[in-house]
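Beneath this line is the structure, given in structure tokens, with notes to follow.
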Number of protein chains: 2
Amino acid sequence: MFSIGELAKRTAVKVPTIRYYEQIGLIDPPHRSEGNQRRYEPDTLDRLSFIRHGRDLGLSLEAIRDLIELSHHPERPCGRADAIVAEQLAAVRARIARLKRLERELDRMSGCGGGHTVGDCYVLRSIADHDLCASDHD
Amino acid sequence: MFSIGELAKRTAVKVPTIRYYEQIGLIDPPHRSEGNQRRYEPDTLDRLSFIRHGRDLGLSLEAIRDLIELSHHPERPCGRADAIVAEQLAAVRARIARLKRLERELDRMSGCGGGHTVGDCYVLRSIADHDLCASDHD
DNA sequence: CCTAATTGCTCTAGTGACTAGAGGTTCAAG
DNA sequence: CTTGAACCTCTAGTCACTAGAGCAATTAGG
């Protein structure tokens, strides 16, 4: 049996976040102590770590909810789990591509050292005038 | 003089977003027609394009607000503008690095083709057990 | 000049995934 | 038994929009 603080420490999920997950039905409401404080069974550790890890992997709470639902039916084919991860992988790859374009752009903009004034600041002109961009970012 | 719809078309910023920008003081309230509709001077085009471009580059509205403030004082040194962009560049690079770790992880997870069931799904086990991860993503 | 379609107006509330704070209660250590 | 940390609920705030209701103004066609 863990208090919510214990659980938070062990899973690296913050206390208010745990309460939030309970509120939106992502984890089951636990039993309470005589004084109405939450007391968790050990298996909540796994559930919460699963959520945490999924979040770290960039999954939405909705996707995680789906995966949890899925894991309650071990006999079903797991194509849906594959699909969720594949989707996320594609999203991650797209984000990387986009960020790389931005990186090039920002790098180019930040090239001009200090010493000059706002009046002829390359950074500001770059942002003001998209045409100065080397590539199409976005 | 542009209507808000015209402005939206020319800057690729949506109508409600323009109103939102006005509401938070990022663009000045324009004159109104007799019937209380917004009528914009051509220079709003530049301002809005600047905001749009900044957003595309990943800048927060706060950062953009700073840059606009800055551009009203052309005589000042522009170190602050440089700093904002440098900060953003560092953030983008960090995000890229993190996403690449995630990409590796997701790619590894999604390797196991379909046909099997949820009960022994590698994807689900991977998320459940961080120790299965090849690298430390995050 | 009239009508219909489009565009505009304000205002409120919702999104995702939390985070912060107020104001009070319970628990565990000494 | 006292103290201080941890807990409780509830509301509201964050960011950058987005959606919808219910109405008013503008514009194009006939």
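Letters A, B, ... are given to chains in the order of the sequence lines, protein chains preceding strands, and every chain is numbered from 1.
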Nearest-angstrom distance from the residue atom CD of A/Q23 to P of D/dT11: 11 Å
Atom pair distance, as rounded to whole Å: CD in A/E6 and C1' in C/dC27: 14 Å
Nearest-Å distance for atom pair CG/P, residues B/N36 and D/dA24: 12 Å
Pairing of A/E6 and A/R10 as salt bridge, 4.0 angstrom limit: yes
Whichever of B/R39 and B/E62 has its nearest DNA chain D nucleotide further upstream toward 5': B/E62
Sugar-phosphate only, base, or nothing, as touched by B/R19 at under 4.0 Å among non-hydrogen atoms: base
Lys/Arg-Asp/Glu bridge criterion (N-O < 4.0 Å) met for B/R65, B/E62: yes
Below 4.0 Å: OP1/OP2 of D/dC7 and any side-chain N or O of A/S3: yes
Selected nucleotide, minimal atom distance to B/V15 side chain, candidates C/dC27, C/dC18, C/dG8: C/dG8
Rounded interatomic separation in angstrom, taking CD from A/E22 and C1' from D/dC7: 13 Å
B/K14 vs D/dT18: side-chain N/O to OP1/OP2 distance below 4.0 Å: yes
Nucleotide C/dT26, atom P - distance to CZ of A/R32 in whole Å: 13 Å
Student check: side-chain heavy atoms of A/L45 and A/Y40 closer than 4.5 Å: no
Of A/S33 and A/L61, the one whose closest DNA chain C nucleotide lies more 5': A/L61
Check ion pair B/R52-B/D56 (N to O, under 4.0 angstrom): yes
A/I24 CD1 - C/dT19 P separation (whole Å): 13 Å
Between C1' of C/dC18 and CZ of A/R52, the distance in whole Å: 13 Å
Which nucleotide in D/dC17, C/dA17, C/dG8 has an atom nearest any side-chain atom of B/Y21: D/dC17
Among C/dA17, C/dT19, D/dT9, the one nearest A/R38 by side-chain distance: D/dT9
Sugar-phosphate, base or nothing in reach of A/I4, heavy atoms under 4.0 Å: sugar-phosphate
DNA chain D: 5'-proximal contact among B/S60 and B/Q37 (nearest heavy atom): B/S60
Rounded interatomic separation in angstrom, taking CZ from B/F2 and C1' from D/dT26: 18 Å
Taking every non-hydrogen atom, the tightest pair across B/F2 and B/E41: CD1-O, 4.3 Å
